[in-house]
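Report on the structure given below.
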Amino acid sequence: MKHDINIDDLRAPEMAEAVEKCVHCGFCLAACPTYKLLGEEMDSPRGRIYLMKTALEGRIDPSDAQPYIDRCLGCMACVPACPSEVAYGDLLVGYRALQESERERPPLDAVARKMMIETLPHPRRFRLAARAGKLGKWLAPALPPAFSAMLNLLPDDLPPAQPLPDVLMAQGERRAVVALLPGCAQQVLAPGINFAAAHLLAANGVEVRSPRAAGCCGSILLHIGAEHEAQTLARRNFAAIPDDVDAIITTAAGCGSGIKDYPLLFKNQQDAEAAQSFAAKAMDFSAYLAGIGLRAPMRLEAATRVVYQDACHLLHAQGYGAEPRALLREVGNLQLVEIADAGMCCGSAGTYNIDQPEIARQLGARKAESILAAQPDVLVSGNIGCITQIRQQLANQADAPPVLHIAELLWSASQP
């Protein structure tokens, strides 16, 4: 049964604009991880745009297009590669939200999705689920792919919490006041990231506020089409974070990218102005720190080869690739090493390594191969999803480097 959906009647005219702008030139093909891996036209950005267009116009059943749309990482590598400046993200996010409201998922798929929605954005629930999952890891090979992937991504041990004070005062003359967005799964998997980021900002003259009522930004849900749930989480942060801060700092690339989509998410709603203001103030930690500049020199104890791994939602979606590298180049004893296909996705992509575990595994293996070829002493990234994915891919490699968030390495280098 075909769905007669008129594209002109959609909530977001931006979707129609994205469709009309695409001239099917093919520049996106070389940038697309799934096209490079699978070699299928419909697994490319221009192929998916055609599928979404024909489904929205009612010329094909949406279920025929769905497998190809599901296989899209949403990495946005196609956006900077596009000479027509197609806003592919506006189309993809809008289409997924539209289709999710009508889609009938298989029972196990629906259960896995429900588990992600109800646990990942909520640190307390996620911690309990992670502890339970650790006990059941031995079951992973016998479980359906999505459940097996969830368990395999969990660390063997969860680190202890590293709570931040409500206000961390700036050291020396105060240069700015920021709010630090706590995130969700990162609080459980790597609480040291926010600890390092907050203390490094404070050491550089920035007062850091950590509102207790703030939480998940909703990006991880927006990525999978759970629009209303994402809006609920976003509204909580609108209320929790005061208006008088100079910036809202994110330490996860996916969070920053998702927040930049708030104006579209809340378009024509009563929260539209709050969404616009929030998105305008949101900034990635490394970009913000590079912008204000470091006060004191940083140095590692010994000569260290470091690979910086570009998170897709930082490089492609937000355009920050030079800023984190500029920070690393200021660290004494640090040699920055580049890798092949540096901008190619590692396969994390929000919940992609749960939804599409085999493709994610292949992309992760490629990324791991490039990293190991560079022979780094340390790998750093700016996104907890990438860190988790790459650690898993490197787990069985004897010469695997430690994988850190850029804030953790910089904080270590700033210590006397």
Side-chain angles (χ1 to χ4, degrees), residues 123 160-184 186-187 190-217 219 233-260 262 273-299 314 318 320 323-324 326-328 330-331 380 382-384 404-416:
Q162 291 182 266
L164 291 169
D166 293 347
V167 179
L168 191 61
M169 301 303 295
Q171 297 177 23
E173 182 181 355
R174 192 178 77 177
R175 304 161 77 185
V177 178
V178 303
L180 181 64
L181 199 66
C184 47
Q186 180 176 283
Q187 290 190 59
I193 293 175
N194 278 348
F195 181 90
H199 284 82
L200 195 58
L201 288 168
N204 282 277
V206 179
E207 180 180 309
V208 181
R209 299 179 184 175
S210 301
R212 293 185 181 275
C216 177
C217 65
S219 298
L233 294 171
R235 289 188 180 103
R236 182 178 68 176
N237 287 328
F238 295 166
I241 295 179
D243 295 331
D244 61 348
V245 296
D246 299 305
I248 300 168
I249 302 299
T250 64
T251 52
C255 295
S257 175
I259 290 170
K260 296 302 182 183
Y262 277 3
E273 187 175 343
Q276 188 76 42
S277 175
F278 200 96
K281 284 188 175 183
M283 196 165 188
D284 179 75
F285 158 78
S286 61
Y288 184 81
L289 188 58
I292 64 170
L294 297 168
R295 276 184 169 173
M298 295 183 294
R299 187 175 184 83
L314 194 56
Q318 299 182 70
Y320 296 130
E323 292 82 353
L327 287 173
L328 292 171
E330 292 197 42
V331 178
V380 298
N383 188 56
I384 183 61
L404 303 175
H405 191 278
I406 187 172
E408 295 175 304
L409 183 135
L410 294 175
W411 177 239
S412 174
S414 71
Q415 301 306 294

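From a predicted model like this one, the values you see are computed outputs, not experimental measurements.
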| task | Output the distance between atom CG (L289) and atom CE (M283), rounded to the nearest 0.5 Å. | result | 10.0 Å
| Nearest-0.5 Å distance that lies between atom CD1 in I406 and atom CG in L328 | 4.0 Å
| field | Validation row: I259, L181 side chains within 4.5 angstrom (heavy atoms) | value | yes
| said: With heavy-atom distances below 4.5 Å as the criterion, would you say the side chains of C217 and T250 are in contact? | reply: no
| message | I'd like to check F285 versus L200 (side-chain heavy atoms, cut-off strictly below 4.5 Å). Are they in contact? | response | yes
| According to the interplanar angle, ranging from 0 to 90°, do the rings of W411 and F195 count as parallel (below 30°), tilted (30 to 60°) or perpendicular (above 60°)? | perpendicular
| message | A quick test of your reading: do over 12 heavy atoms of other residues, nucleotides or ligands sit less than 6.0 Å from CD of E173? | response | no
| field | Pairwise distance OG(S414) to CZ(R295) - rounded to 0.5 angstrom | value | 13.5 Å
| said: Rounded at 0.5 Å granularity, tell me how far OG in S210 sits from CD1 in I249. | reply: 11.0 Å
| query | Is it true that D244 and R209 make a salt bridge, defined as a side-chain N closer than 4.0 Å to a carboxylate O? | reply | yes
| said: I need the minimum non-hydrogen distance between N204 and L294, along with the two atoms involved. | reply: OD1-CA, 3.3 Å
| task | Taking all heavy atoms of I241 and all of A214, pick out the closest pair and write down the distance. | result | CG1-CB, 4.3 Å
| Taking every non-hydrogen atom, the tightest pair across A197 and T251 | CB-CG2, 3.7 Å
| query | Is the side chain of K281 donor-acceptor paired with the backbone N or O of V178 at a distance under 3.5 Å, no angle test? | reply | no
| query | Out of curiosity, N383 CG to C255 SG, how far, rounded to the nearest 0.5 Å? | reply | 7.5 Å
| field | Closest contact, heavy atoms only, L327 versus S286 | value | CD1-O, 3.4 Å
| request: Could you pull out the closest heavy-atom pair between P242 and V245, with the gap in Å? | output: O-CG2, 3.5 Å
| H405 vs I384 side-chain heavy atoms within contact, under 4.5 Å | no
| query | Just by distance, do the side chain of E207 and the backbone of R174 share a donor-acceptor pair under 3.5 Å? | reply | no
| Are V208 and H199 side-chain neighbours, meaning at least one heavy-atom pair lies under 4.5 Å? | no
| remark: CZ of F278 to NZ of K260, rounded to nearest 0.5 Å, is 10.5 Å
| field | Contact check, side chains of P165 and L168, non-hydrogen atoms, under 4.5 Å | value | yes
| note | Closest non-hydrogen atoms of N194 and L180, given as atom of the first, atom of the second and distance, are O-CD2, 3.8 Å
| message | Surrounding CD of Q162 (heavy atoms of other residues, nucleotides or ligands, distance under 6.0 Å), is the total greater than 12? | response | yes
